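Since this is a predicted model, take the numbers as computed values, not measurements. Below, all heavy atoms of this structure are taken into account, side chains as well, without hydrogens, waters or symmetry copies. Throughout, a chain's letter reflects where its sequence line sits, starting with A, and its residues are numbered from 1.
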Number of protein chains: 2
Amino acid sequence: MKPTGKARGPRPGSILRVEGLSYGDLDEHLGYLLRRAQLAGFEAFHRATEGLDISPARYTALTIVGANPGLTQSALGAALGTARSGAMMVVNWMEKRGLVERCHRPDDGRSWGLNLTRRGQAQLRELNRRVRANDTAFAARLTAAERSRLRQLLEKLTG
Amino acid sequence: MKPTGKARGPRPGSILRVEGLSYGDLDEHLGYLLRRAQLAGFEAFHRATEGLDISPARYTALTIVGANPGLTQSALGAALGTARSGAMMVVNWMEKRGLVERCHRPDDGRSWGLNLTRRGQAQLRELNRRVRANDTAFAARLTAAERSRLRQLLEKLTG
DNA sequence: TATTGTTATACTCTATAACTATA
DNA sequence: TATAGTTATAGAGTATAACAATA
């Protein structure tokens, strides 16, 4: 049994509600509530992918490459909301792990086209399985109807 | 007219939806939707506090100290979900700016009690004004009823 | 022995800028 | 000249560990 990967970086810090402490206006501040929920989501993600040397950003990158074969690094960076150099590091990681290939594009010698390898596809399927299962557990406090409503509201909010 | 403060650090990166790109399973992933919304919230906060040398974490710290006079640094760290050393840096920043005072506690010589100064209180009021106004603008895509529902769902989700 | 504050250090993430090669 | 990728560097943020003072 080979090692599955080392833990990466510090655990995501959660914002647990401290007993007997007043939070002032924060409880009515939408941005703060979103931050709390999002950090809880990171924690859930971390639990779901324990030992896989992955991160939310890497998972996002993997998913987007998988959904857009031949994608350019710059386009990936734009999708991730990061600079080109940031996209580089993610792609380097994916390539070193054998999850993604950089393929020359015949039409433009400057840019690479990114494609998932077989292994990358398998890895992504496994991640999706884990993440989806954990997503439900994460949102277990909500009913299915409430989850759906929450998704809908978030999508409307973000545009 | 004195300078109001320098911009701090890199702007928060947003995740703009890229035209014509597929996002695979991400659109159904609650954690991803939360992340998007939260980053949009950071951006809104940044716009609202332009030039004030503040950050969401600092704003949170200021609010919590204001709502809990005499608070301990460790307690603040717990509320922020950060280590003691992290709380130190925030408090150092607040103290240097004259927003907070460290007061000796008669009952325990080890710990400080944190209190907002007059200036800190004024600063917090101004921040609340800006943040609240911008919060509405940020969530302008939603009706008042939807905003309220969203808040409710987020609170239920986080517990 | 445990806890508070403190300091020093390391690591992650990300932005910026300069460089190259193609266009 | 403009753009894609690359590389090096710097900054913010935060965790960890060790230390002193106090409990």
Side-chain angles (χ1 to χ4, degrees), chain A residues 5-15 35 38-39 42-43 45-46 53-61 65 70-96 100-114, chain B residues 5-15 35 38-39 42-43 45-46 53-61 65 70-96 100-114:
Chain A
K6 54 172 182 253
R8 61 188 304 278
R11 304 292 173 287
S14 65
I15 316 188
R35 178 66 172 155
Q38 184 262 313
L39 282 180
F42 265 11
E43 275 203 323
F45 181 91
H46 183 261
D53 190 30
I54 197 85
S55 72
R58 289 175 177 178
Y59 171 66
T60 301
V65 171
L71 191 73
T72 269
Q73 273 187 204
S74 293
L76 177 61
L80 296 176
T82 184
R84 288 200 302 277
S85 58
M88 267 286 302
M89 310 231 323
V90 190
V91 173
N92 283 346
W93 173 83
M94 293 193 287
E95 193 184 43
K96 184 160 59 176
V100 153
E101 276 179 344
R102 286 188 236 238
C103 309
H104 282 293
R105 306 184 72 179
D107 55 323
D108 190 334
R110 292 173 298 181
S111 56
W112 302 102
L114 303 174
Chain B
K6 55 177 183 244
R8 62 187 303 278
R11 304 291 172 291
S14 65
I15 315 188
R35 178 68 172 154
Q38 184 262 315
L39 282 180
F42 266 11
E43 276 203 322
F45 180 92
H46 183 262
D53 190 31
I54 196 86
S55 73
R58 288 175 178 178
Y59 172 66
T60 301
V65 171
L71 192 72
T72 270
Q73 272 187 205
S74 292
L76 178 61
L80 296 175
T82 184
R84 287 198 304 276
S85 58
M88 266 287 301
M89 308 229 326
V90 191
V91 174
N92 283 346
W93 173 83
M94 293 193 288
E95 193 184 42
K96 184 159 60 177
V100 154
E101 277 179 342
R102 286 188 236 238
C103 309
H104 281 293
R105 306 183 74 182
D107 56 321
D108 190 334
R110 291 172 299 181
S111 55
W112 302 103
L114 304 174

### Message
What is the distance, to the nearest angstrom, from the CH2 atom on B:Trp112 to the P atom on D:dA20?
### Response
18 Å
### Query
Between C:dT20 atom P and A:Arg84 atom CZ, what is the distance in whole Å?
15 Å
### Message
Minimum heavy-atom separation for B:Trp93 and B:Asp53, please, with both atom names.
### Response
CZ2-O, 3.2 Å
### Query
Is any side-chain heavy atom of B:Arg35 less than 4.5 Å from a side-chain heavy atom of B:Leu39?
yes
### Query
Where the side chain of B:Ser55 is concerned, which of D:dA18, D:dT14, D:dG13 is the nearest nucleotide?
D:dG13
### Message
Side-chain N or O of A:Arg105 versus OP1/OP2 of D:dT3: is the shortest distance under 4.0 Å?
### Response
no
### Query
Do you know the tightest heavy-atom contact between A:Ala61 and A:Val90?
CB-CG1, 3.5 Å
### Task
Round to the nearest Å and state the distance from B:Leu114 atom CG to C:dG5 atom P.
8 Å
#### Entry: Nearest non-hydrogen partners of B:Ser55 and B:Phe45, listed with the distance
C-CE2, 3.5 Å
### Task
Kindly indicate, with the supporting measurements, whether the criterion side-chain contact (heavy atoms from CB on, under 4.5 Å) is fulfilled by A:Trp112 and A:Glu101.
CA-CA 9 Å; A:Trp112 302 102; A:Glu101 276 179 344; over 6 Å; no
### Task
For D:dT6, take OP1 and OP2 only and decide whether either is under 4.0 Å from a side-chain N or O of A:Arg102.
yes
#### Entry: Length of the line joining A:Leu39:CG and D:dG13:P, which is rounded to integer Å
15 Å
### Summary
Interatomic distance, CD@A:Gln73 vs CG@A:Asn92, rounded to 0.5 Å, equals 7.5 Å
### Task
Using only side-chain N and O atoms of A:Ser85, determine if any of them is under 4.0 Å from OP1 or OP2 of D:dG5.
no
### Residue pairs passing the salt bridge (charged side-chain N to carboxylate O under 4.0 Å, His left out) test where at least one lies in residues 79-96 of chain A, sequence neighbours excluded
A:Glu95-A:Arg102
### Query
What is the distance, rounded to the nearest whole Å, between atom CG of B:Asp53 and atom P of D:dG11?
15 Å
Distances under 3.5 Å between nitrogen or oxygen atoms of protein and nucleotides 21-23 of chain C:
residue, atom, partner, partner atom, Å
C:dA23, OP1, A:Gly109, N, 2.8

### Task
For the side chain of A:Met89, starting at C-beta, report the closest nucleotide among D:dG5, C:dT4, C:dT14.
C:dT14
### Query
Can you tell me how far C1' of D:dC19 sits from CE of B:Met88, to the nearest Å?
14 Å
## Note on the structure
Here the distance between atom C1' of D:dT14 and atom CZ of B:Arg58, to the nearest Å, is 14 Å
### Task
Please examine the side chains of A:Met94 and A:Arg58, heavy atoms only from C-beta on, and report whether any two atoms are closer than 4.5 Å.
no
### Query
What pairs with A:Thr72 under side chain to side chain contact (heavy atoms under 4.5 Å, CB included), at least two apart in sequence or on another chain?
A:Ser74, A:Ala75, A:Arg105, A:Ser111
### Query
When only distance counts, do a donor and an acceptor, one from the side chain of B:Ser111 and one from the base of C:dT3, lie under 3.5 Å apart?
no
### Message
Whole angstroms only, please: what is the CG-P distance between B:Asn92 and D:dA12?
### Response
15 Å
### Sorted by number, the residues of residues 73-80 of chain A with heavy-atom contact under 4.0 Å to DNA chain D
A:Gln73, A:Ser74
